Novice: 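I have a structure I would like to understand better, so I am pasting it below and will then ask my questions one at a time.
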Amino acid sequence: EFVRELHRWNLRPARPQNRRSPLKLVGRKTEISNLLANLPRLGAGLAYREPFRDELLQKQSEVDFVEIIGDHYLDAPPERMDELALLGQHFTLVPHFTNLSLGSADGLDPVYLEKASALIRRLNPPWWSEHIGFTRAGGVNVGHPTPLPFTKEAIEVMSKNIITARRAIATPLILENVCSPLTWPDSEMDEARFITEVLGYGGCGLLLDLTNLHTHATNQGQDPAKCLDQLPLDRVVQVHLSGGHERGGRLIESDAQPVAEAVWNLLDAAVARAPVRCICLERDDNLPPLPEVLWEVERARAIGRQHRRWN
């Protein structure tokens with residue numbers, strides 16, 4: 001109920017009097033094709049977690065790039081920034097943000113946006129990423145990216161905020177699909193159409209989280225492979241992989257287990273069809289020895305090679 005109330009807060013502002021005609025994707029395919037043509041092929045890497053630092057530096061030849069949580073470095077002490085500089089000396093770094101709240105009807109926090117912009121300028125990454133959702137609503141910080149109802153109004157909110165972010169940050173932006181335990185009753189379209197519209201109007205690539213897709217589709221009684229087919233795969237730049245667990249007959253996307261075989265199968269299907277530039281392994285809890293994660297990194301790298309996404 002708390003999350004439902006946040007959605008009511010988030011979409012509270014009155015709709016403009018001059019309504020747009022029905023949303024259509026016009027002139028976006030060329031833009032995204034040109035964007036993808038200029039993005040590097042990074043290969044397979046992992047999301048940085050501090051307990052891995054020393055061993056990761058010793059095994060840098062086994063990791064093609066490292067994704068960092070950008071929020072961890074916005075107001076970081078000097079020792080954390082020294083860590084970032086050390087990582088940057090050895091790896092291509094790709095920042096992933098969680099709290100810009102692109103789906104907030106209140107607009108973006110200009111202070112947060114400026115800090116994120118400064119960090120991205122410092123790193124000079126090939127792209128940066130955020131989520132299709134929101135973390136702030138009505139003065140409340142949810143603390144985790146929360147999905148929007150699949151409505152035209154939500155697309156307009158996302159589009160406006162994406163344009164604001166892209167004006168402040170020239171680096172290409174890609175957006176991640178989030179996992180929701182709920183299906184909003186006021187939705188006007190399915191998730192695939194919603195994602196397609198948001199990316200089209202925002203001129204962004206897709207960070208395809210296959211574990212989120214598999215978890216959400218399975219819990220909703222849908223076929224994950226069919227859900228994958230409906231997404232704008234021509235916009236996929238990066239893929240996230242992680243593992244979860246089952247509880248009470250439902251899948252939980254916990255980033256605490258090895259990647260499930262069903263998700264590996266989805267990865268093979270996605271990489272065969274999408275112009276994937278990189279694959280990133282995530283692990284947040286229950287961290288195993290680094291070699292176990294690197295084994296998954298190598299398996300992902302091999303799938304990319306099989307489909308000639310990189311050498």
Side-chain angles (χ1 to χ4, degrees), residues 3 6-7 10-11 23 25 28 31-32 35 67 69-71 94-109 112-113 116 127-137 141-166 169 172-184 186-217 219-220 222 224 227-228 230-240 242 253 270 274 280 282:
V3 175
L6 285 178
H7 274 286
N10 193 46
L11 298 178
L23 293 172
L25 291 175
R28 296 297 187 180
E31 179 178 349
I32 199 68
L35 171 67
E67 181 187 81
I69 301 299
D71 305 72
V94 177
H96 181 55
F97 292 86
T98 62
N99 206 31
L100 184 56
S101 199
L102 288 167
S104 289
D106 297 335
L108 303 183
D109 178 348
Y112 182 100
L113 180 59
W127 58 79
W128 64 288
S129 60
E130 245 291 355
H131 299 81
I132 301 176
F134 71 97
T135 54
R136 291 182 296 101
N141 193 315
V142 184
H144 189 275
T146 303
L148 293 159
F150 304 144
T151 63
K152 294 173 185 174
E153 185 173 14
I155 293 171
E156 291 178 355
V157 168
M158 281 287 302
S159 300
K160 178 180 178 181
N161 290 335
I162 290 169
I163 291 170
T164 299
R166 292 186 63 199
I169 303 171
L173 169 62
I174 65 175
L175 300 177
E176 180 177 10
N177 56 302
V178 299
C179 186
S180 171
L182 303 172
T183 299
W184 304 112
D186 55 349
S187 292
E188 301 167 359
M189 63 194 78
D190 61 23
E191 182 178 22
R193 174 66 187 228
F194 181 78
I195 290 174
T196 300
E197 298 280 18
V198 167
L199 298 181
Y201 274 88
C204 300
L206 176 61
L207 168 48
L208 175 58
D209 192 312
L210 286 174
T211 305
N212 282 351
L213 183 151
H214 177 260
T215 300
H216 181 68
N219 288 341
Q220 297 298 323
Q222 301 171 356
C227 291
L228 177 67
Q230 295 169 355
L231 290 172
L233 297 180
D234 61 320
R235 292 179 175 266
V236 177
V237 174
Q238 180 176 333
V239 173
H240 269 172
S242 61
E253 196 269 321
C280 180
E282 295 183 293

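The shown structure was predicted, so the numbers you read here are calculated from the model rather than taken from an experiment. Nothing fancy with the numbering, it's 1 onward along the sequence. Worth knowing before you read on, the calculation uses all heavy atoms, side chains too, and leaves out hydrogens, waters and symmetry mates.
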Novice: Any side-chain donor paired with an acceptor under 3.5 Å for E67 and H240?
Specialist: yes
Novice: Counting only N and O atoms by type, is there a donor-acceptor contact under 3.5 Å from the side chain of R166 to the main-chain atoms of G202?
Specialist: yes
Novice: To the closest 0.5 Å, what do you measure between CG (L210) and SG (C227)?
Specialist: 12.0 Å
Novice: Test side-chain contact (heavy atoms from CB on, under 4.5 Å) on V236 and L231 and set out the steps.
Specialist: CA-CA 9 Å; V236 177; L231 290 172; over 6 Å; no
Novice: With distance as the sole test, does T146 use its side chain to make a donor-acceptor pair with the main-chain N or O of H144 at under 3.5 Å?
Specialist: yes
Novice: With a 4.5 Å limit on heavy-atom distance, are the side chains of P224 and L213 in contact?
Specialist: yes
Novice: Output the distance between atom NE2 (H214) and atom CG (N219), rounded to the nearest 0.5 Å.
Specialist: 9.0 Å
Novice: I'd like to know if the side chain of T211 and the backbone of S242 have a donor-acceptor N/O pair within less than 3.5 Å.
Specialist: yes
Novice: Any sub-3.5 Å donor-acceptor pair from D209's side-chain atoms to N177's backbone N or O?
Specialist: no
Novice: Checking side chain to side chain contact (heavy atoms under 4.5 Å, CB included) against I155, which of T196, I195, L148, V198 comes through?
Specialist: V198
Novice: Between T98 and H131, is a side-chain contact (heavy atoms from CB on, under 4.5 Å) present by the stated rule, with each step listed?
Specialist: CA-CA 7 Å; T98 62; H131 299 81; 3.9 Å; yes
Novice: Between the side chain of S101 and the main-chain N/O of F134, is any donor-acceptor distance below 3.5 Å?
Specialist: no
Novice: Do E191 and F150 touch side chain to side chain, with heavy atoms closer than 4.5 Å?
Specialist: yes
Novice: Less than 4.5 Å apart, any side-chain heavy atom of V239 and any of L207?
Specialist: no
Novice: How many angstroms lie between atom CG of D109 and atom CZ of R136, to the nearest 0.5 angstrom?
Specialist: 5.5 Å
Novice: Can you see which heavy atom on P149 is nearest to which on F194, and at what distance?
Specialist: O-CE1, 3.7 Å
Novice: Let me confirm one number: the CD1-CD1 distance from I132 to I162, rounded to the nearest 0.5 Å.
Specialist: 7.5 Å
Novice: Please evaluate residues I174 and C204 with respect to the criterion side-chain contact (heavy atoms from CB on, under 4.5 Å), reporting the C-alpha separation (whole Å), side-chain torsions for both, the decisive distance (0.1 Å), and the verdict.
Specialist: CA-CA 5 Å; I174 65 175; C204 300; 5.8 Å; no
Novice: Can you tell whether the side chains of E156 and K152 come within less than 4.0 Å, N to carboxylate O?
Specialist: no
Novice: For the residue pair L173 and W128, establish whether any side-chain heavy-atom pair is separated by less than 4.5 Å.
Specialist: yes
Novice: Quick check against the 3.5 Å criterion: does N161 have a side-chain atom that pairs as donor or acceptor with the backbone of S104?
Specialist: yes
Novice: Quick one: closest heavy-atom pair of P145 and V178, and the distance?
Specialist: CB-CG1, 4.1 Å
Novice: Search all heavy atoms of A270 against all heavy atoms of L228 and return the closest pair with its distance.
Specialist: N-CD2, 4.0 Å
Novice: Determine the minimum heavy-atom distance between E176 and N212, stating which atoms define it.
Specialist: OE2-ND2, 3.9 Å
Novice: Is there a side-chain contact (heavy atoms from CB on, under 4.5 Å) between L102 and L108? Walk through the geometry before answering.
Specialist: CA-CA 7 Å; L102 288 167; L108 303 183; 4.0 Å; yes
Novice: Which pair of heavy atoms, one from W127 and one from P95, lies closest together, and at what distance?
Specialist: O-CD, 3.6 Å
Novice: What's the shortest heavy-atom distance between A274 and L233, and which atoms?
Specialist: CB-O, 3.3 Å
Novice: Report the distance from atom CZ of F97 to atom CG of L113, rounding to the nearest 0.5 Å.
Specialist: 9.5 Å
Novice: Do you see a donor-acceptor pair shorter than 3.5 Å between the side chains of E130 and H96?
Specialist: no
